[in-house]
Amino acid sequence: MIRVAQPLDAEFIRALWLRADNRVFLDPPAEGQIEEAIAGGDLLLWLDAAEPVGFALIVEWLPRVLGLREFAVSRPGPGRPFLEALMTEVFTRRQAHRLGLDCTADNSRALRFFESAGFQREGVWRECWQRPDGDWVDCVFMSMLEREWQTRGPWPPLAAPVRSS
(Lines give C-alpha, C1' and ligand atoms only; values in the text may rest on other atoms or scores of the structure.)
Protein backbone atom coordinates (compact mmCIF):
# COMPACT_ATOMS: atom_id res chain seq x y z
CA MET A 1 0.00 0.00 0.00
CA ILE A 2 1.24 3.48 -0.82
CA ARG A 3 0.80 6.47 1.46
CA VAL A 4 2.30 9.87 2.10
CA ALA A 5 5.14 9.63 4.61
CA GLN A 6 4.60 10.97 8.12
CA PRO A 7 7.16 12.49 10.53
CA LEU A 8 7.48 9.14 12.35
CA ASP A 9 8.69 7.59 9.05
CA ALA A 10 11.73 9.88 8.79
CA GLU A 11 14.11 7.49 10.55
CA PHE A 12 13.18 4.54 8.30
CA ILE A 13 13.58 6.73 5.21
CA ARG A 14 16.94 8.10 6.35
CA ALA A 15 18.27 4.62 7.19
CA LEU A 16 17.22 3.15 3.83
CA TRP A 17 18.44 6.22 1.91
CA LEU A 18 21.88 6.01 3.53
CA ARG A 19 22.20 2.22 3.51
CA ALA A 20 25.57 1.16 2.08
CA ASP A 21 24.12 -0.50 -1.03
CA ASN A 22 22.06 2.62 -1.82
CA ARG A 23 24.75 5.25 -1.27
CA VAL A 24 26.47 4.40 -4.54
CA PHE A 25 23.26 5.24 -6.46
CA LEU A 26 21.37 7.77 -4.30
CA ASP A 27 22.41 11.33 -3.59
CA PRO A 28 22.57 11.70 0.21
CA PRO A 29 19.78 13.83 1.65
CA ALA A 30 20.62 17.41 2.52
CA GLU A 31 20.09 18.62 6.08
CA GLY A 32 16.33 18.87 6.65
CA GLN A 33 15.46 17.52 3.19
CA ILE A 34 13.55 14.49 4.49
CA GLU A 35 11.51 16.50 6.98
CA GLU A 36 10.75 19.19 4.38
CA ALA A 37 9.65 16.59 1.81
CA ILE A 38 7.43 14.91 4.40
CA ALA A 39 5.84 18.24 5.31
CA GLY A 40 5.21 18.99 1.62
CA GLY A 41 3.65 15.58 0.93
CA ASP A 42 6.42 14.72 -1.54
CA LEU A 43 7.79 11.62 0.19
CA LEU A 44 5.76 8.49 -0.42
CA LEU A 45 6.07 5.25 1.49
CA TRP A 46 5.37 1.69 0.39
CA LEU A 47 3.99 -0.58 3.11
CA ASP A 48 3.94 -4.36 3.23
CA ALA A 49 1.84 -5.77 6.07
CA ALA A 50 1.79 -2.27 7.64
CA GLU A 51 5.62 -2.17 7.70
CA PRO A 52 7.48 0.35 5.53
CA VAL A 53 9.65 -1.33 2.87
CA GLY A 54 10.34 1.52 0.45
CA PHE A 55 10.20 5.23 -0.20
CA ALA A 56 10.05 7.58 -3.17
CA LEU A 57 10.70 11.31 -3.37
CA ILE A 58 8.63 13.20 -5.96
CA VAL A 59 9.61 16.71 -7.04
CA GLU A 60 7.81 19.21 -9.24
CA TRP A 61 10.09 20.43 -12.02
CA LEU A 62 7.39 22.42 -13.81
CA PRO A 63 3.58 22.46 -13.60
CA ARG A 64 2.41 18.87 -14.33
CA VAL A 65 6.04 17.78 -14.94
CA LEU A 66 7.23 15.71 -12.01
CA GLY A 67 10.49 13.98 -11.24
CA LEU A 68 11.15 10.79 -9.37
CA ARG A 69 14.07 12.15 -7.38
CA GLU A 70 14.74 9.03 -5.27
CA PHE A 71 13.29 5.51 -5.22
CA ALA A 72 14.43 2.72 -2.90
CA VAL A 73 13.12 -0.51 -1.45
CA SER A 74 14.56 -2.46 1.46
CA ARG A 75 14.45 -5.89 -0.18
CA PRO A 76 13.71 -7.57 -3.52
CA GLY A 77 10.04 -7.89 -4.48
CA PRO A 78 8.13 -4.73 -3.60
CA GLY A 79 9.66 -2.53 -6.31
CA ARG A 80 7.16 -3.38 -9.04
CA PRO A 81 3.96 -2.91 -7.05
CA PHE A 82 5.41 0.22 -5.47
CA LEU A 83 6.27 1.77 -8.83
CA GLU A 84 2.81 0.84 -10.19
CA ALA A 85 1.13 2.55 -7.24
CA LEU A 86 3.47 5.51 -7.54
CA MET A 87 2.64 6.01 -11.23
CA THR A 88 -1.07 5.80 -10.44
CA GLU A 89 -0.58 8.46 -7.75
CA VAL A 90 1.43 10.71 -10.07
CA PHE A 91 -0.77 10.43 -13.16
CA THR A 92 -4.19 10.42 -11.46
CA ARG A 93 -4.22 12.24 -8.13
CA ARG A 94 -1.36 14.63 -8.96
CA GLN A 95 -2.46 14.91 -12.61
CA ALA A 96 1.07 14.86 -14.01
CA HIS A 97 1.63 15.02 -17.74
CA ARG A 98 5.17 13.65 -17.44
CA LEU A 99 7.23 11.73 -14.90
CA GLY A 100 10.99 11.85 -15.37
CA LEU A 101 13.93 10.32 -13.59
CA ASP A 102 17.61 9.72 -13.98
CA CYS A 103 19.82 6.91 -12.86
CA THR A 104 23.50 6.24 -13.17
CA ALA A 105 24.57 4.67 -16.44
CA ASP A 106 26.22 1.78 -14.61
CA ASN A 107 23.04 0.86 -12.70
CA SER A 108 21.88 -1.75 -15.22
CA ARG A 109 19.37 -3.25 -12.80
CA ALA A 110 17.55 0.09 -12.36
CA LEU A 111 17.69 0.81 -16.11
CA ARG A 112 16.09 -2.57 -16.90
CA PHE A 113 13.52 -2.06 -14.14
CA PHE A 114 12.34 1.35 -15.36
CA GLU A 115 12.42 0.35 -19.03
CA SER A 116 10.34 -2.74 -18.25
CA ALA A 117 7.77 -0.40 -16.65
CA GLY A 118 7.54 1.59 -19.89
CA PHE A 119 9.95 4.47 -19.27
CA GLN A 120 11.76 5.72 -22.37
CA ARG A 121 15.44 6.63 -22.46
CA GLU A 122 15.86 10.25 -23.50
CA GLY A 123 19.56 10.81 -23.26
CA VAL A 124 22.76 10.67 -21.26
CA TRP A 125 24.07 13.46 -19.11
CA ARG A 126 27.83 13.00 -19.13
CA GLU A 127 29.45 12.98 -15.69
CA CYS A 128 26.34 14.49 -14.10
CA TRP A 129 26.77 13.13 -10.58
CA GLN A 130 29.71 12.83 -8.26
CA ARG A 131 29.60 9.80 -6.00
CA PRO A 132 30.62 10.08 -2.37
CA ASP A 133 33.97 8.45 -3.29
CA GLY A 134 34.67 11.36 -5.67
CA ASP A 135 34.12 9.51 -8.97
CA TRP A 136 32.00 11.23 -11.61
CA VAL A 137 29.40 9.07 -13.34
CA ASP A 138 27.11 9.49 -16.35
CA CYS A 139 23.35 9.58 -15.80
CA VAL A 140 20.64 8.24 -18.09
CA PHE A 141 17.54 10.42 -18.24
CA MET A 142 14.21 8.59 -18.68
CA SER A 143 10.56 9.55 -18.68
CA MET A 144 7.01 8.40 -19.13
CA LEU A 145 4.15 10.53 -20.42
CA GLU A 146 0.64 10.26 -19.07
CA ARG A 147 -0.70 8.91 -22.39
CA GLU A 148 2.05 6.24 -22.43
CA TRP A 149 1.10 5.21 -18.90
CA GLN A 150 -2.58 4.98 -19.87
CA THR A 151 -1.97 2.82 -22.96
CA ARG A 152 0.92 0.61 -21.88
CA GLY A 153 0.34 -3.07 -21.44
CA PRO A 154 1.16 -5.12 -18.37
CA TRP A 155 4.75 -5.55 -17.30
CA PRO A 156 6.38 -8.70 -18.61
CA PRO A 157 6.63 -11.42 -15.98
CA LEU A 158 9.69 -11.48 -13.80
CA ALA A 159 12.42 -13.76 -15.10
CA ALA A 160 12.44 -17.11 -13.35
CA PRO A 161 15.46 -17.66 -11.14
CA VAL A 162 18.19 -19.76 -12.69
CA ARG A 163 18.61 -22.99 -10.82
CA SER A 164 21.88 -24.82 -10.75
CA SER A 165 21.87 -28.59 -11.12
Side-chain angles (χ1 to χ4, degrees), residues 1-62 65-91 93-94 96 98-117 119 121-144 155 158 161:
M1 172 182 87
I2 195 169
R3 72 165 168 79
V4 174
Q6 303 299 311
L8 290 174
D9 301 318
E11 190 55 40
F12 165 79
I13 293 166
R14 183 172 286 104
L16 182 55
W17 199 327
L18 295 173
R19 202 169 75 179
D21 58 336
N22 287 332
R23 281 192 300 226
V24 72
F25 299 118
L26 301 179
D27 199 19
E31 183 69 33
Q33 181 179 8
I34 292 172
E35 292 75 15
E36 183 179 315
I38 288 173
D42 298 325
L43 256 170
L44 301 173
L45 214 60
W46 183 250
L47 303 172
D48 184 10
E51 293 295 318
V53 295
F55 77 90
L57 175 58
I58 302 295
V59 294
E60 183 178 35
W61 290 334
L62 296 166
V65 177
L66 303 182
L68 179 53
R69 175 74 177 79
E70 306 294 349
F71 183 88
V73 291
S74 60
R75 58 179 166 74
R80 280 181 165 211
F82 184 18
L83 186 58
E84 281 292 337
L86 177 93
M87 290 187 298
T88 299
E89 164 79 11
V90 163
F91 290 120
R93 195 176 80 70
R94 298 183 187 220
R98 175 188 182 90
L99 177 62
L101 62 93
D102 70 275
C103 63
T104 59
D106 62 349
N107 191 345
S108 58
R109 184 175 176 192
L111 291 169
R112 282 191 313 272
F113 174 72
F114 289 114
E115 285 178 331
S116 73
F119 284 81
R121 287 187 190 215
E122 294 187 328
V124 175
W125 295 350
R126 297 178 312 135
E127 296 186 7
C128 71
W129 184 58
Q130 189 173 23
R131 287 201 165 117
D133 67 4
D135 288 343
W136 284 95
V137 62
D138 293 349
C139 297
V140 176
F141 194 78
M142 308 175 86
S143 75
M144 182 179 294
W155 272 2
L158 290 170

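None of these values were measured; they are calculated from a predicted model. The analysis underlying the following values was restricted to heavy atoms, covering all of them including side chains, and did not include hydrogens, waters or symmetry mates.
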task = Output, in order, the C-alpha distance, side-chain angles, deciding distance and verdict of disulfide bond (SG atoms under 2.5 Å apart) for Cys103 and Cys139.
result = CA-CA 5 Å; Cys103 63; Cys139 297; over 6 Å; no

message = Quick one: does any side-chain atom of Arg14 pair with a main-chain N or O of Pro29 as donor and acceptor, under 3.5 Å?
response = no

request  = Any chance you could lay out the side-chain contact (heavy atoms from CB on, under 4.5 Å) test for Val73 and Val53, step after step, and finish with the verdict?
outcome  = CA-CA 6 Å; Val73 291; Val53 295; 5.7 Å; no

ask   = Roughly how far, to the nearest 0.5 Å, is CG of Leu68 from CE of Met144?
value = 11.0 Å

query = Under 3.5 Å, is there a donor-acceptor pair between the side chain of Asp9 and the main chain of Gln6?
reply = yes

ask   = Angle class for the Phe114/Phe119 ring planes (parallel below 30°, perpendicular above 60°, tilted otherwise)?
value = perpendicular

Pairs involving residues 17-41, ordered by first then second residue, that meet ring-ring contact (aromatic ring centres under 6.0 Å, His included) (sequence neighbours left out) = Trp17-Phe55

task = Mind checking salt bridge (Lys or Arg N to Asp or Glu O under 4.0 Å) for Glu70 and listing every partner two or more places apart, or none if nothing turns up?
result = none

request  = List the atom of Ala105, the atom of Leu111, and the distance in Å for their closest heavy-atom pair.
outcome  = O-CD1, 3.7 Å

task = Check whether more than 12 heavy atoms from other residues, nucleotides or ligands sit under 6.0 Å from atom CD of Glu36, and answer yes or no.
result = no

ask   = Got a second to check how far Leu26's CG is from Leu57's CG, nearest 0.5 Å?
value = 10.5 Å

query = Nearest heavy-atom pair of Ile38 and Ala5: which atoms, and what distance?
reply = CG2-O, 3.4 Å

Please set out all donor-acceptor pairs under 3.5 angstrom arising from side-chain atoms of residues 41-52, sequence neighbours excluded.
unit_1: Asp48; atom_1: OD2; unit_2: Arg75; atom_2: NH2; d: 2.3

task = Verify, without hydrogens or angle tests, whether Ser143 (side chain) and Gly100 (backbone) share a donor-acceptor contact under 3.5 angstrom.
result = no

request  = Please collect all salt bridge (Lys or Arg N to Asp or Glu O under 4.0 Å) contacts where either partner lies in residues 130-142, sequence neighbours excluded, each pair once.
outcome  = Asp106-Arg131

Heavy-atom side-chain contact between Arg94 and Ile58 under 4.5 Å = yes

task = Mind checking side chain to side chain donor-acceptor pair (under 3.5 Å) for Glu115 and listing every partner two or more places apart, or none if nothing turns up?
result = Arg121

Atom pair CZ/CG of Arg23 and Leu18 - distance to nearest 0.5 Å = 7.0 Å

request  = Working to the nearest 0.5 Å, report the span between CD of Glu122 and CZ of Phe141.
outcome  = 5.5 Å

query = Looking at CH2 of Trp61 and CG of Leu99, how far apart are the two atoms once the value is rounded to the nearest 0.5 Å?
reply = 7.5 Å

inquiry  = Please evaluate residues Leu101 and Phe71 with respect to the criterion side-chain contact (heavy atoms from CB on, under 4.5 Å), reporting the C-alpha separation (whole Å), side-chain torsions for both, the decisive distance (0.1 Å), and the verdict.
reply    = CA-CA 10 Å; Leu101 62 93; Phe71 183 88; over 6 Å; no

query = Among pairs that include at least one residue of residues 25-34, which meet side-chain hydrogen bond (donor to acceptor under 3.5 Å, both in side chains), considering only residues two or more places apart or in two chains?
reply = Asp27-Arg69, Asp27-Trp129

task = With side-chain contact (heavy atoms from CB on, under 4.5 Å) as the test, would you mind laying out the steps for Ile2 and Leu86 before giving the verdict?
result = CA-CA 7 Å; Ile2 195 169; Leu86 177 93; 4.3 Å; yes

